[in-house]
Amino acid sequence: MTRHLITSAIPYINGIKHLGNLVGSQLPADLYARYLRGRGHEVLFLCATDEHGTPAELAAAKAGKPVAEYCAEMHQVQARIAEGFGLSFDHFGRSSSPQNRVLTQHFAGVLADAGLIEEVSQEQIYSPTDGRFLPDRYVEGTCPNCGFEDARGDQCDNCTKQLDPAELINPRSTISGATDLEMRETKHLMLRQSQMKDQLNDWINAKADWPVLTTSIAKKWLHDGDGLQDRGITRDLNWGVPVKRGDADWPGMEGKVFYVWFDAPIEYIASAQEWVDAGKGADWERWWRTDKGADEVRYTQFMGKDNVPFHTLSFPATIMGSGEPWKLVDYIKSFNYLTYDGGQFSTSRGRGVFMDQALEILPADYWRWWLLSHAPETSDAEFTWENFQASVNKDLADVLGNFVSRITKFCRSKFGEAVPEAGSYGPEEEALIADITARVARYQAQMDAVEVRKSAAELRAIWAAGNEYLQAQAPWSVFKSDPDRAAAQVRLALNLIPLYATLSAPFIPDAAARMLAAMRVEAPVWPDDVPAALAALPPGHAFDVPEVLFAKITDEEREGWAERFAGKRD
RNA sequence: GGCGUUAUAGCUCAGUUGGUUAGAGCGAACGACUCAUAAUCGUUAGGUCGGUGGUUCGAGUCCACCUAACGCCA
């Protein structure tokens, strides 16, 4: 038994995430966590909300609330939706937690002691009216490239050109509208990632088993141009972790906070502390300190491809550079993007399905199954309503749901609602048991390798094997001439249901629970021994015929949803 | 402009270190069955692997160039 630490990239606080965000990190992380728990491993599965930075301040301002209050509310919203999707976090923390504040300041201190933080002076826009320096997005003005009057400090929305705030013509503060802006010299901290380039390079090169998406992005950042660049880790904001050197003040850094990318991944560690402080765990160091037992932990991270540079380079630079015995990630599973009907999901245009809306129209299992069985592992994947309807109806309703339905109802009509006792197994039954045994081994191999789509395909094949068996043996025909033989066939088929439920639980936990409840199985065990698992329901074991597990999606529903979520035209 | 990823049957995707007749699911056609959510099971028909040119006894699988989509950077 290995101990497994699993983290999902932490979703940003400003608003509800769409299905693409979900399938890119939280959902596959949950799949893996549930699988490992199911197999009896000790798992710590952590996530959190990423709360600092300019977008949070802007979103709070738009909502007319103090940013701390806004974040607290949105954290609750995201936590509730995550629960709705069955995301089984051991703790869902907050990057604005006091634990993360202390830890972030600690890392900055030890990195500075190690000579890995550099103070640099730069000119930045200052607003005397607002009494503060203005980060990119707090400055708007006329685009020097196209003349668009409402260009943002970091990018022009009209011509999409990336901008420096100092380039804007007639710049103004988005806080107060003040135009008396001036350039002032200010100091910022840079993390000297370039000093660690060789160390990071060796580390990445040793990860031959990582997804090519992960390593190719890392190598690009390592080797492109002049190689890995130093990065600023401070910003002129109020909302964030105040810049300190450990618990000491940092001269010249008054009023500044750490840039969000620096404190966000540290929250992975802080979340474990929060987990303990919330009374849910006893010892976080055995998960994170290699001198306290974490050297026996296998740590797997899940994230979308946009987060790969931070997790392959910046955060490892923080960990390695500290010189302290923190646990480094062992495996990084990264995902491409999910597109919606040929385009991008768009929050502003209401295009695509967002997590709260998804749960309004269908149970979580439908989404979990489709998203995971179509996870964008090797390239971007596309969501279409036609594909969604076809996949869900076929896989969940016809193959799995109908299997449970047909065998429980047949048994009820011929033998009553209890596992029949008569008859014994023959070569056909042995063949099925052998087939299932082989398939379960393949399923486990794919899950162990975090091959999400392939795992789903193998699971589906296991479901189909039950239908193949029934079709070939036809107990409804056999029953007419040899009821005892039919009884044995039904007994085996009924025993497939708890096996299916246990294997399927990582993908479709709610349906799996209903299957187990119907079969009156209290404590499911992972089928490490398939023949034994297929004898778990003894003759005479009473069960209930369950309600329809998965209702089919109708054409009318599909069309209505397609229209509802198409988004507004520009 | 640079870099990266992708480009395989109508659709969604597999194809380990190059090696006999390129695989799966869906969809389609045909057949079987009738226990079941008009569900299931089987059979068959569909690709020469984006294009061109190389390396090799042999390439979807390596190299070069080109094209297209997406992304990152500039």
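Treat the numbers as computed from the prediction; the structure is a model and nothing was measured.
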Donor-acceptor pairs under 3.5 Å, side chain of residues 429-436 of chain A to any protein atom, not counting sequence neighbours: which ones?
{"unit_1": "A:Glu429", "atom_1": "OE1", "unit_2": "A:Gly426", "atom_2": "N", "d": "2.8"}
{"unit_1": "A:Glu429", "atom_1": "OE1", "unit_2": "A:Arg485", "atom_2": "NH1", "d": "3.2"}
{"unit_1": "A:Glu429", "atom_1": "OE1", "unit_2": "A:Arg485", "atom_2": "NH2", "d": "3.1"}
{"unit_1": "A:Glu429", "atom_1": "OE2", "unit_2": "A:Tyr469", "atom_2": "OH", "d": "2.5"}
{"unit_1": "A:Glu429", "atom_1": "OE2", "unit_2": "A:Arg485", "atom_2": "NH2", "d": "3.1"}
{"unit_1": "A:Asp435", "atom_1": "OD1", "unit_2": "A:Arg439", "atom_2": "NE", "d": "3.4"}
{"unit_1": "A:Asp435", "atom_1": "OD2", "unit_2": "A:Arg439", "atom_2": "NE", "d": "3.4"}

Please list, chain by chain and in numerical order, all residues satisfying side-chain hydrogen bond (donor to acceptor under 3.5 Å, both in side chains) with A:Asn495, sequence neighbours excluded.
none
Interatomic distance at P, B:U48 relative to B:U61, whole Å:
15 Å
Mapping A:Glu468 and A:Ala381 to their closest nucleotides on RNA chain B, which lands nearer the 5' end?
A:Ala381
Distance-minimising heavy-atom pair for A:Glu382 and A:Trp370:
O-CH2, 3.5 Å
Fit a plane to each ring of A:Phe388 and A:Phe383, take the angle between them on a 0 to 90° scale, and name the class: parallel (under 30°), tilted (30 to 60°) or perpendicular (over 60°).
tilted
Taking the nucleotide of RNA chain B with the nearest heavy atom to each, does A:Ala390 or A:Tyr337 sit closer to the 5' end?
A:Ala390
Non-hydrogen atoms of A:Ser314 and A:Trp261 that approach each other most closely
CB-CZ3, 3.3 Å
When rounded to the nearest Å, what value does the distance between P atoms of B:U20 and B:G58 take?
14 Å
Quick one: side-chain contact (heavy atoms from CB on, under 4.5 Å) partners of A:Arg406, sequence neighbours excluded?
A:Asn402, A:Asn467, A:Leu470, A:Gln471, A:Trp476
Presence of salt bridge, A:Glu360 and A:Arg564, under 4.0 angstrom
yes
Roughly how far apart, to the nearest Å, are B:G10 and B:U6 at atom P?
22 Å
Whole-Å distance separating the CE atom of A:Met303 from the C1' atom of B:C72
17 Å
If I take atom CD in residue A:Glu386 and atom C1' in nucleotide B:G25, what distance separates them, rounded to the nearest angstrom?
18 Å
With sequence neighbours left out, the residues meeting salt bridge (Lys or Arg N to Asp or Glu O under 4.0 Å) with A:Arg491 are none
Name the stems with RNA chain B in them: runs of three or more consecutive Watson-Crick or G-U pairs, distances under 3.5 Å?
B:1-7 with B:67-73, B:10-13 with B:23-26, B:28-32 with B:40-44, B:50-54 with B:62-66
If a pair satisfies side-chain hydrogen bond (donor to acceptor under 3.5 Å, both in side chains) and one of its residues is in residues 497-519 of chain A, list it, with sequence neighbours excluded.
A:Trp463-A:Ser504
Taking the C1' atom in each of B:G60 and B:A14, what is the distance between them to the nearest angstrom?
12 Å
Proximity to RNA chain B (any heavy atom under 4.0 Å), residues of residues 471-500 of chain A only
A:Gln471, A:Trp476, A:Ser477
Identify, residue by residue, the members of residues 447-457 of chain A with a heavy atom below 4.0 Å from RNA chain B, and return them in order of residue number, or none.
A:Arg453, A:Lys454
Relative to the ring of A:Tyr443, is the ring of A:Phe507 parallel (under 30°), tilted (30 to 60°) or perpendicular (over 60°)?
tilted
Under a 4.0 Å heavy-atom cut-off, which of residues 399-416 of chain A touch RNA chain B?
A:Gly401, A:Asn402, A:Ser405, A:Arg406, A:Lys409, A:Phe410
Holding to side-chain contact (heavy atoms from CB on, under 4.5 Å), I want the full list of residues that pass it with A:Glu386, two or more places apart in sequence or in another chain.
A:Thr384, A:Arg558
For B:C57 and B:U52, measure between their C1' atoms and round to the nearest Å.
23 Å
Residues in side-chain hydrogen bond (donor to acceptor under 3.5 Å, both in side chains) contact with A:Asp330, at least two apart in sequence or another chain
A:Lys327
Mind checking side-chain contact (heavy atoms from CB on, under 4.5 Å) for A:Asp398 and listing every partner two or more places apart, or none if nothing turns up?
A:Lys394, A:Lys552
Mind checking if A:Lys394 touches a base, just sugar-phosphate, or nothing, with heavy atoms under 4.0 Å?
sugar-phosphate
Could A:Lys17 and A:Phe354 be counted as a cation-pi pair, given that NZ or CZ must be under 6.0 Å from the ring centre and within 45° of the axis?
no
